[in-house]
Amino acid sequence: MTELWLIPALPLAGFLLLLIGPSLGRRASSLIGAGSVGASFLVCLFTAWSFAGKPITQTLWHWFTVSNLSVDVALRVDQLSLVMILVVTGVGFLIHLYSLGYMAGDDAFSRFLAYMDLFVAFMLTLVLGDTLLTLFVGWEGVGLCSYLLIGFWYRDPSNGRAARKAFLVTRVGDTAFTIALFILATKFHTLNIEAILTACQAWPVGSALAVTVAGLLLGGALGKSAQLPLQVWLPDAMAGPTPVSALIHAATMVTAGAYLIARMFPLFQLAPDVLQLVAAIGASTLVLAGLSACVQRDIKRVLAYSTISQIGYMFLALGVGAPSAAMFHLVTHAFFKALLFLGAGAVIHALGNQQDLFKMGGLRKALPATFWTFLIGSAALVALPPTGGFASKDLILELTWASAPGARWLWAMGVFGAFLTAYYTARMFALAFFGPPHSHVHHKPGPVMIVPLILLAAGSLLTAALDWPGPLGGAPFFSHFLAPLFPVSDAHEVSASLASILQASSLASALAGIVTATLAFRRFSPSVSPDRPSPLVRFLLSGCGFDSLYNLLFIRPFLFLTRLNRNDILDSFYTALAWVAGLFHRGLSRSQTGQVRWYAFALALGAVILLAVMVLL
Amino acid sequence: MTLLYLILIPLLAGLAAWPAARVAPRAARGLCLAASLAQLVIAAILWQNTPTTGQWIETLSLPWIPQLGITFSLFLDGLSLLLILLTGLLGALAVLASWTAIRENVGFFHFNLMATLAGVTGVFLARDLILFYVFWELMLVPLYLLIRIWGGDRRVYAATKFFLFTQAGGLLLLLGILALAITHQRQTGTLTFDYLQLIGTALSPSQGVWLLLAFLAAFAVKLPALGLHPWLPDAHSQAPTAGSVVLAGLVLKAGGYGMLRFLIPLFPQAFPTIAPAAMALAVAGILYGAALAFAQDDLKRLIASSSISHMGFVLLGVFAANELALQGAVVVMIAHGLTTGTLFALAGAIDERLHTHHLDRLGGLWTDMPRMGGVTLFFVLAGLGLPGLAGFVGEFLVLLGAWQTSPVLAALASAGLVLSVVYSLRLMQRVFLGPKVGEETPRDLSAREWLMLSVMAAATIWVGLWPQRVLDASAPAVQNMQKSLSDAAGAPEARP
């Protein structure tokens, strides 16, 4: 199979066709929009079917050669990118289908599908990129589409603000990424990933270069994957339509940071300090974001913080040297989080754009299909067996425990995170589906929205089989599949008895979370909640104050300085120069009085001064 | 003689359009458009037939003032060729962009526009330094008139400021040229202003630095470098659309071209002395320009200020002076010409419809003009360096080259990539997004606008994805600069 280019080209063609716009008609737009992604999915399936374990590279064209640096636009499929393209096109196709129903009433329907197709094309370029610069094209491209789709309803300035924030914050990380590219290009005269990973093995472990490059790449990953301290953009990104949140801000783009680290993992292994930092950031992020998720009232913001927290688990896994576990969680998370977002979308849609959890309630009866699928998605998020979320989170926690001395802290944070996850998920679930109804159901989702929900729910369950824990009768298919890239090390083995103890403790903490939330919110009624939340709740609601901090540190000083300098201080030098020239001009022209007396006087005065000077010197 | 035609075609078209416009304004516009396209086609043919060896594609020498060693001599290498192509393209864009906007004094307007283009072309082709100086001044006067006559409310102030700044720089250039030629005469006994003969002039270290600074002054005003930039926002924002297009797209490039053409080849020994300072100035300009652009409340001033930032990349690339950085500087010049030139055309199109380019009186235009919004978005993205579009290749190469010279400065300059997002997205938001401001329902792009914008967009994508042709064209010139730098570094101290 050497037609890799078709995979991103099909959605790109869809985008280009949709650019023609409303003139196409709604049916044709739907067909092109979702069909192009579906077709790409079929090509991916075929690629997977014919994949024989050996990476396939396809050079599309020569981009540029300058001095000793030569860069191609090239695609490559190996185990890692194969997993990614299947997730991107598979889950992406289901979300596209769902959008056909969700966005049906929007007057910019085809613009929406066009942006979504463009996003898929860039995302596929990102994961298929054989050179870091090709990857970077996708990397920036998905950021652009994220901007376009967050701000899709452009008439509301707050959507625009959220969109710009997302673009800007990720761009900060991207700048670090770019500098890493400068170093790699300078050292190796190539940006081919395979060549870099081979060549960098010459660096000693822990060398300054390896640490610098890995640290800078991590910077890029933190921005894209909304990890501390660059996580601030993701909750606001929920301003976009819900399918966007599902596709970009849950299933695919935000996990690109984890993908980047996994892709460059051999380089990260040369920088153990950076890997420790990755783990520490992952663990802190998952706890902080989990805490914030516990108090949100907007259902999408709960899910947004939950996404940040779950990606924290992926970073934790990467940091403790378990990239295949991170990728496994990436896959299961793509399914169940997309499911939860789409389920939330169905609820929001049904209640006439109501996103406030306190104004939902009792939807169990009114929206049965949504209820059951949302239940499965929640179970997977909480990591209850037999869901995919259980299998992947369990694997991460087990490998964290086994990774290194000092990793117990990380493990404990992961288990605490499991408690938080269970708490906010159960809270959200109880508030939305149980208790007395607080809003009227306007319309129920049609089959075009229900079918993707059911398929994603099935996926949330079936992905468990990919890497079901051995002690429970499973086999690590997924880890084995990725083994050519990430060798399974024996050091990470834990005994069966220890594994069951670890499992039991994380399950227990999850159950504790569910019970706490259920007791608190079973009979919840909005009037119970105080109008003015306590300072702690307000702190968590705001995402732990990062926004205010950045506001104070960066935004206000920048705004202040730029406003101050609006009229360009450097210009005033020239204005002063012109003013002085004008002064002389006026002064001298005033002396031109035309009166002979004055001229004679000036003449005499000048002669006297001149004489005085000559005498005195 | 082809080189002479490249200059004469726009000049004669302008001369013919002046009287013709009294009878048939459309014919005058068409004539100027055809002239620009002819220039483009000739340049494209020259590009196709580029010889594989040697830097010079074509040269021409006619006697002019033999007593003073001044000749009318032109030459063309890949670097000039690229800029001639840009001149043809942007000339056509400028004519098309003012197709309906200019209604008064159409003939004289087009004469001035075409005279400016001829002057710019001459600058890119001149081999004799006096001739270069003549063209350098020639492009100034008609452009001054364009701003002075067809400009906005503060046109007198802006035009005068523009004239004074560039004139002051030009004067230093003239002194530099004369001093160089006289030094050369003292050494060899022949008075000549021929670039290729002056190249070998041996200069004492201090002489070299002073002459380099004199040349640099003129180019740094035109570019403009930080500190010498205040004329630019005023001139751009007050100029008529075609004037802004030509200013941003071509006249600024004359500054960058001058640096590439003269500074390294003529002063390879002095060059490294001032390079660190110039690079620092460039980085300061990148950041300062971006911050200045962010604060502007006027669409054209915003775009103009962003040019200071973009041209900082050119300055950085020139003085980082390795092959990557120099090639990057060339691509940044092309990319900036394509994107910023087009953004000015778009600003003109908005002004024509709504009679304002103040951001407070714009907003929500996407609703009525989604196509124009989409096209603007495209060029805004190209401006902020989205990979796959022209600007990215240039900025990446400049920064990569600068990294190899000074990692700290390159890292600081990279912060400019973040700031460019800030002002670019603010532009998009304030003009096209948000709630609609104002009562009018402007019509979306006309067929003429579609045509010109699509061509510019196609060129932007082409340079972004297939930049090798562009890089190959400028490679001989850049490699010769590398050679003279390394020769100078290896050679013993020169004595006059």
Side-chain angles (χ1 to χ4, degrees), chain A residues 19 21-22 61-69 73 108 111 122 125 133-134 136-141 143-144 147-148 151 154-157 159-161 163-164 167-168 171-172 174-176 178-179 181-183 185-186 558-559 561-568 570-575 578, chain B residues 161 164-165 226-227 229-231 233-234 288 291-292 294-297 305 322-324 327-328 364 366-367 370-371 374 377 381 384-388 392-393 396-397 399-404 407 410-411 414-415 417-418 421-422 425-426 428-429 432-436 465-468 471 475:
Chain A
L19 270 191
W61 70 84
H62 174 66
W63 197 353
F64 58 81
T65 302
V66 179
S67 184
N68 46 22
L69 176 69
V73 176
R111 178 163 64 95
F122 276 130
T125 312
L133 220 50
T134 313
F136 194 65
V137 171
W139 186 269
E140 292 290 294
L144 161 69
Y147 161 78
L148 292 174
Y154 61 87
R155 287 187 186 87
D156 184 351
N159 293 348
R161 208 170 301 129
R164 275 174 291 149
F167 203 133
L168 180 63
R171 183 82 169 204
V172 172
D174 297 350
T175 304
T178 322
I179 295 175
L181 296 184
F182 298 153
I183 300 179
T186 305
F558 180 74
L559 289 180
L561 288 174
T562 48
R563 284 223 181 100
L564 200 68
N565 193 39
R566 173 170 297 165
N567 294 325
D568 195 357
L570 295 176
D571 191 23
S572 44
F573 168 73
Y574 296 100
T575 315
Chain B
K161 198 169 176 180
L164 287 177
F165 267 86
L226 182 67
H229 68 274
W231 63 271
D234 289 308
Y288 189 89
L292 192 63
F294 176 78
Q296 300 308 311
D297 279 330
S305 305
N322 50 40
E323 195 180 343
L324 287 161
Q327 287 280 35
W366 192 289
T367 311
R371 284 165 197 275
L377 177 65
L381 292 170
L384 63 77
L386 192 79
F392 173 74
V393 179
F396 182 81
L397 291 175
L399 289 172
L400 176 57
W403 177 268
Q404 299 177 358
S414 304
L417 301 179
V418 177
V421 170
V422 181
L425 296 187
R426 177 166 175 271
M428 235 11 239
Q429 183 70 32
F432 283 97
L433 309 178
K436 198 177 152 183
L465 290 179
W466 291 275
Q468 196 61 48
L471 295 166

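Just so it is clear: chains get the letters A, B, ... in the order the sequence lines come, proteins before strands, and each one is counted from 1.
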Query - Beyond-backbone contact of A/Thr178 with B/Ser414, side-chain heavy atoms, under 4.5 angstrom - result: no
Query - Smallest separation among heavy atoms of A/Thr562 and B/Ala295, with atom names - result: O-CB, 3.2 Å
Query raised in the report: Rounded to the nearest 0.5 Å, what separation is found between the CG atom of B/Leu397 and the CG atom of A/Leu69?
Result: 7.5 Å
Query raised in the report: In terms of heavy-atom pairs under 4.5 Å with chain B, which of A/Val137, A/Thr186, A/Thr575 leads?
Result: A/Thr186
Report task. Find out whether B/Phe392 and A/Leu133 are in side-chain contact, i.e. whether some heavy atom of one side chain is under 4.5 Å from a heavy atom of the other. Result -> yes
Requested in this report: Side chain from CB out, backbone as N, CA, C, O: work out which of these in B/Lys436 comes under 4.5 Å of a heavy atom of chain A, or both, or neither.
Outcome: neither
Query raised in the report: Shortest non-hydrogen contact from B/Leu465 to A/Trp63?
Result: O-CD1, 3.3 Å
Report task. Heavy atoms only: give me the nearest B/Gln429-A/Pro157 pair and the separation to one decimal. Result -> NE2-CA, 4.1 Å
Report summary line: Taken to the nearest 0.5 Å, the spacing of A/Trp61 CH2 from B/Gln468 CD works out to 13.5 Å
Query raised in the report: Taking A/Arg111, A/Arg171, A/Arg161 one by one, which has the highest count of heavy-atom pairs under 4.5 Å against chain B?
Result: A/Arg171
Report summary line: With sequence neighbours left out, the residues meeting side-chain hydrogen bond (donor to acceptor under 3.5 Å, both in side chains) with A/Thr65 are A/His62, A/Ser70
Query raised in the report: From B/Leu292 CG over to A/Leu570 CG, what is the distance, rounded to the nearest 0.5 angstrom?
Result: 8.5 Å
Query raised in the report: For the atom pair CG (A/Leu168) and CZ (B/Arg426), what is the distance rounded to the nearest 0.5 Å?
Result: 14.0 Å
Requested in this report: Pick whichever of A/Leu181, A/Ile183, A/Asn68, A/Asn567 has the most heavy-atom pairs under 4.5 Å with chain B.
Outcome: A/Ile183
Query raised in the report: Listed by chain and number, what are the side-chain hydrogen bond (donor to acceptor under 3.5 Å, both in side chains) partners of A/Ser572, not counting sequence neighbours?
Result: none
Query - Region of B/Val418 in contact with chain A, defined by heavy-atom distances below 4.5 Å - result: both
**Report entry** A/Arg563, CZ atom: more than 12 neighbouring heavy atoms under 6.0 Å
**Finding:** no
Query raised in the report: Contact part of B/Leu417 toward chain A, heavy-atom cut-off under 4.5 Å: side chain, backbone, both or neither?
Result: both
Query raised in the report: Measuring heavy-atom distances to chain B, does A/Phe558 have an atom under 4.5 Å in its side chain, in its backbone, in both, or in neither?
Result: side chain
Requested in this report: Verify side-chain contact (heavy atoms from CB on, under 4.5 Å) between B/Leu433 and A/Arg164, making sure each step is shown before the conclusion.
Outcome: CA-CA 12 Å; B/Leu433 309 178; A/Arg164 275 174 291 149; over 6 Å; no
Query raised in the report: Is it the side chain or the backbone of B/Asn322 that comes within 4.5 Å of chain A heavy atoms, both, or neither?
Result: neither
**Report entry** chain A contact via B/Ser305 - side chain, backbone, both or neither, heavy atoms under 4.5 Å
**Finding:** neither
Query raised in the report: Who among B/Leu377, B/Thr367, B/Val393 has the most heavy-atom pairs with chain A under 4.5 Å?
Result: B/Thr367
**Report entry** Partner chain A: residue of B/Gln327, B/His229, B/Gln296 with the largest heavy-atom pair count (under 4.5 Å)
**Finding:** B/His229
Query - Side chain, backbone, both or neither of A/Leu144 within contact of chain B (heavy atoms, under 4.5 Å) - result: side chain
Requested in this report: Determine the option with the most heavy-atom pairs under 4.5 angstrom with chain B, choosing from A/Trp139, A/Tyr574, A/Phe64, A/Phe167.
Outcome: A/Tyr574
Query raised in the report: Of all heavy-atom pairs between A/Val66 and B/Glu323, which one has the smallest distance, and what is that distance?
Result: CG1-O, 4.0 Å
Query raised in the report: Which answer fits B/Leu384, side chain, backbone, both or neither, if we ask what part of it has an atom under 4.5 Å from a heavy atom of chain A?
Result: both
**Report entry** Residue B/Trp366 versus chain A: region with a heavy atom under 4.5 Å
**Finding:** both
